[in-house]
Amino acid sequence: MPDRNSPIGIFDSGLGGLTVAREVFQLLPSEDVVYFGDVGRTPYGGRSKEIITQFTRQDISFLVEQGVKVVVAACNTASALALDTLTSEFMIETIGVIEPGAISAAGATKNGNIGVIGTAGTIHSNAYARALERIDAKLRVFSMACPLFVPLVEEGYVDKRATYLIAEEYLAPFKNNGIDTLILGCTHYPLLKPIIRQVLGETVQLIDSARETARVVAQRLAASSQLNPKGTDGERKFYVSDVPDQFAQTARHFLGDTVRNAMRIDITKY
Ligand code: DGL
């Protein structure tokens, strides 16, 4: 049975969840962490609910087998489409990124108009809109799928003119609906903050669920007396479902640090 000395498990469809891992490392430096990136099957964003649920089930099973004490679904698409179904299948606590992002946005908005951007899967699931409605039914939510953002970030196009033009196109409706807060509802989008700010201006607050998710993880572990008591630096292990080279090279854009020890596993066995 996992106990407070056990690691925290974090998974994503690939690299993007490292933005959440980064916040967890900062907030909970003495926790051991096992990260799984499903790079062999990424992206999840345009896939069906059935496939995403099947992949997510395997991602969680792998982490459970590593003996983790909690699982963080650091992927908006998996959190939006699969987590409700899967939470009851596993004995372990699972934390997604939707609720934390919605709580942050609801706390940040002054005029009640909130924009949400994400993958097609996340936006069509309406998971953010439902989470925001549960918090405050008076909030007005405007959503937009931005499917080209993920490949652009993966290619390192975070400050290119082409990305700016695509962002202008996607975000144009938000210039007219009076939003004062925008949820970056995809793990990759925090890397596009400068371009999104250029397009929407400084008055729109950008909400990145990574930090809030890490806070929720810390709160839940504290509430159940599961925080690791050792005062030393936590151990970090990275697993991927394809050759780790590309993951290791690109990881620093998301993590702000290099990953040296990523190991390949066969996720289809789980
Ligand atoms: N991690 C995914 C998300 O946050 C983005 C990448 C993908 O489509 O798999 O929605």
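These numbers were taken from a predicted model, which means no experiment stands behind them. Every heavy atom of this structure was used, including side-chain atoms; hydrogens, water molecules and symmetry mates were not. Whatever order the structure lists them in is the order used to number ligands and atoms, beginning at 1.
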Task: Shortest reach to atom 10 (O) of ligand 1 by a heavy atom, considering only Leu184, Thr122, Thr77 - done: Thr77
Task: Ligand-side contact atoms (ligand 1) for residue partner Thr119, heavy atom cut-off under 4.0 Å - done: 8 (O), 10 (O)
Open item on the list: So if I count the atoms of ligand 1 from 1 in the order they appear, which ones are less than 4.0 Å from some heavy atom of Tyr44?
Closed with: 7 (C), 8 (O), 9 (O)
Open item on the list: Taking 4.0 angstrom as the limit and counting only heavy atoms of Gly45, give me the atoms of ligand 1 inside it, by number and element.
Closed with: 7 (C), 8 (O), 9 (O)
Open item on the list: Distance under 4.0 Å to a non-hydrogen atom of Asp12: what atoms of ligand 1 satisfy this?
Closed with: 1 (N)
Task: Under 4.0 Å to a heavy atom of Ser13 - the qualifying atoms of ligand 1, by number - done: 1 (N), 2 (C), 6 (C), 7 (C), 9 (O)
TODO: Evaluate whether atom CZ of Arg211 has more than 12 neighbouring non-hydrogen atoms of other residues, nucleotides or ligands under 6.0 angstrom away.
DONE: no
Open item on the list: Out of all atoms in ligand 1, which are within 4.0 Å of some heavy atom of Cys186? Include the element for each.
Closed with: 3 (C), 4 (O), 5 (C), 10 (O)
Open item on the list: I need the minimum non-hydrogen distance between Asn76 and Ser209, along with the two atoms involved.
Closed with: OD1-OG, 4.3 Å
TODO: Look at the aromatic rings of Phe247 and Phe238 and report parallel, tilted or perpendicular, splitting at 30° and 60°.
DONE: tilted
Open item on the list: Give the atom numbers and elements of ligand 1 that come within less than 4.0 Å of a heavy atom of Thr42.
Closed with: 9 (O)
Task: Backbone N/O of Gln226 and side chain of Lys69: donor-acceptor pair under 3.5 Å - done: yes
